[in-house]
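Below you'll find the structure, written out as structure tokens, and then a few comments.
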Protein chains: 2
Amino acid sequence: MKLLLVEDDKFHADYLKKAAMEALPEVTEILHALDGREGEKQARRHSITAVVMDLQMKERNGIDAARTIWAERPQTRILFWSNYSDEAYLRGIARIVPDESSYGYVLKTATRERLNLALRAVLLEAQIVVDQQIHKVQHQTRTHDTLTDSEYAVLIDMSLGLSDKLIAKRQGMSLRTVQNRLLSLYDKLGVDSLESSPDDIAINKRTRAITRALSLRAINTESLESAERDLQRWLHRSSS
Amino acid sequence: MKLLLVEDDKFHADYLKKAAMEALPEVTEILHALDGREGEKQARRHSITAVVMDLQMKERNGIDAARTIWAERPQTRILFWSNYSDEAYLRGIARIVPDESSYGYVLKTATRERLNLALRAVLLEAQIVVDQQIHKVQHQTRTHDTLTDSEYAVLIDMSLGLSDKLIAKRQGMSLRTVQNRLLSLYDKLGVDSLESSPDDIAINKRTRAITRALSLRAINTESLESAERDLQRWLHRSSS
DNA sequence: AACACAGTTGCGGGTTCCCGCAACTGTGTT
DNA sequence: AACACAGTTGCGGGAACCCGCAACTGTGTT
């Protein structure tokens, strides 16, 4: 059995390699890629079906790489190993896991035992393992002000600079509906007029919504860059 | 001589500690803080004058912590040790270094020799050391499309959601001047109407400027959150 | 002194955004 | 069947934004 590690931090990669050798004696060969692009290449060349993947990497992030890998070999089992529990990352992953496969999400701050356990459970037993701390975050946001899928889509488009009209076209909504989604976004993201002693001050809701969303970890730079690529593809497709 | 390490990643902290012991035999005690806030506290309690600091940490980032430390003991020498070479971080640091002090900026991907050298040069010899790779980035952006200080200030305010009128008030400019700064921002950040086959599509320049700035690493979530705190302070001050 | 050039300011108007009001759908509850 | 409730759509108007045109300041160059 071959295992592919995709991780651009050398310290973390070393640690990971040791943990994998300890937890998975059935692994005969450990490959190591330094970014997402290289990870895709090696997975393809060696027909890898077991991957441990970091999320934030320069060049190409883990989610985009996972998408490509799963598109080529949907049965591939991927354990994500990352620092943060951003909603943006979670949403990205849950969206692309194929039915035939399993995946896991472990924080880098987890103990060695937790990591070892997740390695075996996900890569050998094909179970789905999500760190407890993540589930908590996922539920926190889900109960009190989660974004709907359509709200999320509008948020992304808006952040990329699309006008209401264009968003309507891309999302297949009417103009007014887009604006309604925006209204609820402003509400959920806590975009209010700034409070000042004499009276409230008018603000630009769009831009404030973006920084609020960044601050709440509903989006991040990676997800925006990835969405920008999708947008460009859509533009070329829909213009022809 | 006492040395304070501020670093929330345990692998990196271990490595750093080893490097410091090797490069700086004159150090008698190594303290370790896990985030910016704790770093400030320990620096205060032990009257630390030599610090190695990570930039991105949860809770409180390295730049804010450095600001507090330098406000209390300006002669403190700080070596920043970080993953990225974001323009946002660089701008933040250059802005707050006191004259009496020295600082350095080393990438985590640098070799052990480079790190050791920087440790001695900055913390003992009070020299200023900036990683070569950083200077390159700094120059790249400075030659072809750097943001002026006033442009940067307007960009931040705009990203926080201020209206043109409010930005004018905060920056002491006229309305039209703010708009001129915005125009040059749109230009420098590459905010253009989207190109599509038939004709160009109108976009929302403000929001697109933000994502472009994020993508070009002119700003990042940290710097926005930090700026948000400044804004709140300004609001309370100016309303009373 | 003459000139270039970058930055500041006012004016005016076309476009987009923000959102209240109101009507209509669909899903689920009692 | 009656009802609540969340989501969709149109209309219309006030506010904010985007920006061309034009004039004025200041700094530095020749």
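Model, not experiment: these values are computed from the prediction. Numbered from 1 within each chain, the chains take letters A, B, ... in sequence-line order.
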Using whole Å, report how far CG of B/Asp149 lies from C1' of C/dA6. 15 Å
With a cut-off of less than 4.0 Å, is there a side-chain N or O of B/Thr177 near OP1 or OP2 of C/dT8? no
Modelled atom types, side-chain donor and acceptor of B/Asn61 and B/Gln56, under 3.5 Å: no
Under 3.5 Å, which protein N or O atoms sit close to an N or O of nucleotides 17-19 of chain D? Give each pair with its distance.
residue: D/dC17; atom: OP1; partner: B/Asp164; partner atom: N; Å: 3.3
residue: D/dC17; atom: OP1; partner: B/Arg206; partner atom: NH1; Å: 3.4
residue: D/dC17; atom: OP2; partner: B/Asp164; partner atom: N; Å: 3.3
residue: D/dC18; atom: OP1; partner: B/Tyr186; partner atom: OH; Å: 3.2
residue: D/dC18; atom: OP2; partner: B/Tyr186; partner atom: OH; Å: 3.2
residue: D/dC18; atom: OP2; partner: B/Arg206; partner atom: NE; Å: 3.4
residue: D/dC19; atom: OP1; partner: B/Lys205; partner atom: NZ; Å: 2.8
residue: D/dC19; atom: N4; partner: B/Gln179; partner atom: OE1; Å: 2.8

Note, B/Lys165 side chain near B/Val178 side chain (heavy atom, < 4.5 Å): no
Salt bridge or not between B/Lys108 and B/Asp54? Use side-chain N to carboxylate O under 4.0 Å. yes
Rounded interatomic separation in angstrom, taking CD from B/Gln171 and P from C/dG7: 15 Å
Salt-bridge test for B/Glu40 and B/Arg67: reply yes if a basic N is under 4.0 Å from a carboxylate O, no otherwise. no
Using whole Å, what does the distance between atom C1' of nucleotide C/dC17 and atom CE of B/Met158 come to? 15 Å
Nearest whole Å is fine: how far is C/dC17 C1' from A/Asp157 CG? 17 Å
Grab the CG-P distance between B/Asp187 and C/dA6 for me, whole Å please. 12 Å
Side chains of A/Val6 and A/Asp35 in contact at under 4.5 Å (non-hydrogen atoms): no
Could you grab the distance from atom CG of B/Asn220 to atom OG of B/Ser223, nearest 0.5 Å is fine? 4.0 Å
Pair A/Asp64 + A/Arg37, salt bridge at N-O below 4.0 Å: no
Review item, side-chain donor-acceptor pairs of residues 118-128 of chain A, under 3.5 Å, at least two apart:
residue: A/Arg120; atom: NH1; partner: A/Ala23; partner atom: O; Å: 2.7
residue: A/Arg120; atom: NH1; partner: A/Glu26; partner atom: OE2; Å: 3.2

Distance check needed: C/dC18 P versus A/Arg181 CZ, whole Å only. 15 Å
Can you give the dot-bracket line for DNA chain D, where a pair is Watson-Crick or G-U wobble with both atom distances under 3.5 Å, crossing pairs use [ ], and | marks a partner on another strand? ||||||||||||||||||||||||||||||
Please report, rounded to the nearest Å, how far the C1' atom of C/dC17 is from the CG atom of A/Asn180. 14 Å
